[in-house]
Visitor: 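Below you will find the structure I want to go over with you.
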Amino acid sequence: DAKTTQPTSMDCAEGRAANLPCNHSTISGNEYVYWYRQIHSQGPQYIIHGLKNNETNEMASLIITEDRKSSTLILPHATLRDTAVYYCIVRESGGSNYKLTFGKGTLLTVNP
Amino acid sequence: DAGVIQSPRHEVTEMGQEVTLRCKPISGHNSLFWYRQTMMRGLELLIYFNNNVPIDDSGMPEDRFSAKMPNASFSTLKIQPSEPRDSAVYFCASSSEANSPLHFGNGTRLTVT
């Protein structure tokens, strides 16, 4: 049972920012938000994760709303190689914190 | 860093045959996961090892499936006997700790005819 809701698909123009939304209205106070992506024929790739504060790394930025009920993954300058399925995951806390439950994700298509 | 290495990359076998999938986790990682991906069910966790010990095998579909981790650098997932419905992509992943980001291999695509 995925705890997140994501759009099925999105399009983005090459060079533009890609903003991928995710709703997680039932998130608990100590559960992290994780983002992974899966490029065709490859394994899922870790992108970023966060708890409360916004996070940024070399791949992307993660913006989490103050109430933590939703978040947005931002790819600042999308390239054709960013075409992939993007998974937003709420990672369980406590004894089951090893579990990553993948939903259906968002297919992001970056167009030339 | 070579990443998580899985072999073979593709496996085609006939129903009833034994299949063994192999995984070498990232050196120093003490958590290892096996996942299965199908169009119908998406990515599902099959089994989780910590320090070579199986902790959660609740996702293993049935007794035909077994997994071992004889040492920190090697794990196998075995299906005996295989059935057509086992056709899927099987991923191995490892992490430095149980709640750290997972690093996935590129999977083994299994086809059972």
Side-chain angles (χ1 to χ4, degrees), chain A residues 1-9 22 27-52 55-60 62 71 73 81 84-107, chain B residues 1-10 21 23-26 29-51 53-59 69 88-111:
Chain A
D1 234 0
K3 294 185 176 182
T4 62
T5 304
Q6 299 178 253
T8 302
S9 63
C22 179
I27 193 170
S28 300
N30 54 356
E31 290 179 327
Y32 282 77
V33 178
Y34 274 73
W35 283 83
Y36 279 75
R37 73 179 182 183
Q38 188 172 21
I39 297 169
H40 183 60
S41 297
Q42 296 183 21
Q45 177 189 24
Y46 166 76
I47 301 173
I48 199 167
H49 73 283
L51 183 63
K52 296 180 184 177
E55 302 287 346
T56 296
N57 63 21
E58 65 279 3
M59 290 183 69
L62 173 60
S71 61
L73 180 74
R81 287 176 294 181
V85 177
Y86 286 76
Y87 298 98
C88 170
I89 302 165
V90 169
R91 192 165 197 176
E92 297 183 30
S93 59
S96 298
N97 63 0
Y98 56 88
K99 282 190 177 180
L100 279 180
T101 302
F102 288 80
K104 297 185 185 302
T106 296
L107 172 60
Chain B
D1 184 357
V4 175
I5 300 172
Q6 292 187 246
S7 63
R9 193 84 163 88
H10 301 275
L21 312 181
C23 174
K24 177 179 169 54
I26 293 172
H29 282 191
N30 64 11
S31 293
L32 184 136
F33 306 78
W34 283 98
Y35 278 80
R36 178 173 68 175
Q37 186 172 35
T38 61
M39 288 292 292
M40 290 294 293
R41 301 174 67 91
L43 273 158
E44 304 173 281
L45 175 63
L46 299 178
I47 189 168
Y48 157 59
F49 290 87
N50 185 257
N51 290 323
V53 176
I55 303 299
D56 181 357
D57 65 354
S58 60
M69 193 164 185
V89 182
Y90 291 81
F91 289 102
C92 177
S94 70
S95 65
S96 55
E97 296 176 357
N99 59 351
S100 299
L102 271 62
H103 299 264
F104 285 78
N106 280 328
T108 295
R109 180 174 295 276
L110 174 65
T111 304

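Here is the naming used below: chain letters follow the sequence lines, and residue numbers restart at 1 for every chain. What you see is a predicted model, and the numbers here were worked out from it, not measured in a lab.
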Visitor: Which region of Leu45(B), side chain (C-beta onward) or backbone (N, CA, C, O), has a non-hydrogen atom less than 4.5 Å from a non-hydrogen atom of chain A, or is it both or neither?
Guide: side chain
Visitor: Side chain, backbone, both or neither: which part of Gln38(A) has a heavy atom under 4.5 Å from chain B?
Guide: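 Looking at Gln38(A), just its side chain touches chain B.
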Visitor: Against chain A, label Ser100(B) side chain, backbone, both or neither, depending on which of its atoms sit under 4.5 Å from a heavy atom there.
Guide: backbone
Visitor: What is the minimum heavy-atom distance between Tyr35(B) and Leu100(A), and which atoms define it?
Guide: OH-O, 3.0 Å
Visitor: Out of Tyr34(A), Tyr36(A), Tyr98(A), Tyr87(A), return the one with the most heavy atom pairs under 4.5 angstrom to chain B.
Guide: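 Most heavy-atom pairs within the cutoff with chain B belong to Tyr98(A).
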Visitor: Taking all heavy atoms of Asn106(B) and all of Gly43(A), pick out the closest pair and write down the distance.
Guide: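 Of all heavy-atom pairs spanning Asn106(B) and Gly43(A), the closest is OD1-N, 3.3 Å.
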Visitor: Just how far is it from atom CG of Leu102(B) to atom CZ of Arg91(A), taken to the nearest 0.5 Å?
Guide: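 Output value for this atom pair is 5.5 Å.
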Visitor: By a 4.5 Å heavy-atom criterion (distance strictly below it), what part of Arg41(B) contacts chain A: side chain, backbone, both, or neither?
Guide: neither
Visitor: Looking at Gln6(B), Arg109(B), Gln37(B), Glu44(B), which one has more heavy-atom pairs under 4.5 Å with chain A than the rest?
Guide: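 Highest number of pairs under 4.5 Å: Gln37(B).
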